[in-house]
*Asks:* 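Please read through the structure below; I'll follow up with questions.
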Amino acid sequence: MSFFSRRRRSADAPTLDDEAVLVIDQYALPFRSPHWYGHANYHVRVFRPEKAPKPVVVMGDLDNDPVASITNKCPEVTVIVAHLVLGRPGVHPTRLEDHARWLTYYAAHGPMAEMFREVYDFEVVPGYRPPLVKLRNRGLRREEAEDLVGGALARWQQQDYTVAGLQRRGVRVMRVHPAGTGE
């Protein structure tokens with residue numbers, strides 16, 4: 001069960017089940033930089049391709065502090081997405097791949113081209129409380145990412161990829177506070 005309504009786009013677009021902006025309070029993340037204050041902003045899209053056994057989740061940085069980049073926070077954000085967006089509270093980090101395929105997206109920024117990465121092999125590092133998770137990832141070409149989701153993906157420029165910009169397009173904003181993470 002998800003907090004977000006199912007949305008359907010044009011016939012050539014992939015089936016988009018959920019779309020949201022997560023505005024995550026720094027205290028909702030177990031590991032954070034002591035120099036990072038405020039909120040991290042991520043765009044989450046959940047696709048359910050007809051022939052895929054599980055959903056494909058695309059998570060992207062919004063135009064915010066790079067300390068809170070999805071690169072640095074992917075394991076923690078993925079657990080929050082599994083809980084609040086996919087309706088899988090309490091999923092152990094090593095079981096995240098059972099519930100979805102996980103992609104990170106980096107919008108084009110100046111001379112830097114957009115980038116997609118598939119995240120896999122979530123592994124808990126022993127001796128940390130809360131659990132510290134490391135992962136592997138591999139780069140994907142746009143065509144590979146579109147094959148996974150079952151259709152064309154929107155292109156973004158980093159400066160247009162903001163909470164306000166997505167909200168104007170009708171994307172729901174969800175504010176995540178420590179109590180909302182299930183931990």
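Sequence positions, counted from 1, serve as the residue numbers for this chain.
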*Asks:* Report the C-alpha separation of E19 and R169 in whole Å, then their side-chain angles, then the decisive distance to 0.1 Å, and conclude whether the side chain to side chain contact (heavy atoms under 4.5 Å, CB included) test is met.
*Replies:* CA-CA 11 Å; E19 183 174 25; R169 291 181 180 94; over 6 Å; no
*Asks:* What closest approach, in Å, do L16 and D18 show between heavy atoms, and which atom pair accounts for it?
*Replies:*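 In this case the closest contact between L16 and D18 is CD1-O, 3.3 Å.
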*Asks:* Could you give the distance from CG (L140) to CD (E146), rounded to the nearest 0.5 Å?
*Replies:*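 One finds 11.0 Å between CG of L140 and CD of E146.
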*Asks:* For K54 and E97, indicate whether the former's side chain and the latter's backbone hold a donor-acceptor pair under 3.5 Å.
*Replies:*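 Yes.
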*Asks:* Would you check, one step at a time, whether the test side chain to side chain contact (heavy atoms under 4.5 Å, CB included) holds for H99 with V57?
*Replies:* CA-CA 10 Å; H99 301 284; V57 178; over 6 Å; no
*Asks:* Do the side chains of V21 and Q167 get nearer than 4.5 Å, heavy atoms only?
*Replies:*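 In short, these two side chains do not touch, never coming nearer than 4.5 Å.
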*Asks:* From L148 CG over to E143 CD, what is the distance, rounded to the nearest 0.5 angstrom?
*Replies:*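 Between atom CG of L148 and atom CD of E143 there are 12.0 Å.
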*Asks:* Taking the side chain as every heavy atom from C-beta outward, state whether T104 and T71 have any pair of such atoms under 4.5 Å apart.
*Replies:*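 Side-chain contact under 4.5 Å: no.
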*Asks:* Between atom CZ of R88 and atom CZ of R95, what is the distance when rounded to the nearest 0.5 Å?
*Replies:*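 Interatomic distance, R88 CZ to R95 CZ, rounded to 0.5 Å: 11.5 Å.
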*Asks:* Look at the rings of Y161 and W156 and say which category their plane angle falls in: under 30° parallel, 30 to 60° tilted, over 60° perpendicular.
*Replies:*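 Rings of Y161 and W156: tilted, as their planes differ by 30° to 60°.
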*Asks:* Kindly compute the distance separating NE2 (H39) from CD (Q26), expressed to the nearest 0.5 Å.
*Replies:*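 One gets 8.5 Å once the value is rounded to the nearest 0.5 Å.
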*Asks:* For I80 and I24: C-alpha separation, side-chain torsions, deciding distance, then whether side chain to side chain contact (heavy atoms under 4.5 Å, CB included) applies.
*Replies:* CA-CA 9 Å; I80 292 171; I24 302 177; 4.0 Å; yes
*Asks:* Report whether L96 and Y120 are members of the same hydrophobic cluster (ILVMFWY, side-chain heavy atoms less than 4.5 Å apart, transitive linking).
*Replies:*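 Looking at the clustering, Y120 is in a separate group from L96.
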*Asks:* Could you point out which residue of V173, L22, D63 forms a side-chain contact (heavy atoms from CB on, under 4.5 Å) with V163?
*Replies:*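 Between V163 and the candidates, side-chain contact (heavy atoms from CB on, under 4.5 Å) is satisfied uniquely by V173.
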*Asks:* Minimum heavy-atom separation for Y42 and I70, please, with both atom names.
*Replies:*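 Closest pair (atom of Y42, atom of I70, distance): CE2-N, 3.8 Å.
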*Asks:* So, taking the atom named CG in D121 and the one named CZ in R138, what distance separates them when rounded to the nearest 0.5 Å?
*Replies:*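 Here the rounded value is 13.0 Å.
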*Asks:* So, do L62 and L166 sit near enough that their side-chain heavy atoms are less than 4.5 Å apart?
*Replies:*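 L62 reaches L166 side chain to side chain.
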*Asks:* When you compare the side chains of S69 and Y106, does any donor N or O come within less than 3.5 Å of an acceptor on the partner?
*Replies:*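 No pair is found: no donor N or O on one side chain lies under 3.5 Å from an acceptor on the other.
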*Asks:* So, taking the atom named OH in Y128 and the one named NZ in K134, what distance separates them when rounded to the nearest 0.5 Å?
*Replies:*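 Reported value, rounded in 0.5 Å steps: 10.5 Å.
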*Asks:* Looking only at heavy atoms, which two atoms of A68 and D61 are closest? And how far apart?
*Replies:*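 Minimum heavy-atom separation between A68 and D61: O-OD1, 4.4 Å.
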*Asks:* Could you pull out the closest heavy-atom pair between R48 and P55, with the gap in Å?
*Replies:*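 In this case the closest contact between R48 and P55 is NH1-CG, 3.2 Å.
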*Asks:* Of all the heavy-atom pairs spanning N137 and R117, show the shortest one and how long it is.
*Replies:*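 In terms of heavy atoms, the two residues are closest at OD1-NE, 2.5 Å.
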*Asks:* Just do the side chain to side chain contact (heavy atoms under 4.5 Å, CB included) check on L86 and V46 with the steps written out, would you?
*Replies:* CA-CA 8 Å; L86 298 180; V46 179; 4.0 Å; yes
*Asks:* Testing the basics here: between L153 and R142, what is the closest heavy-atom pair and its distance to 0.1 Å?
*Replies:*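 So the two residues come closest at O-NH1, 2.9 Å.
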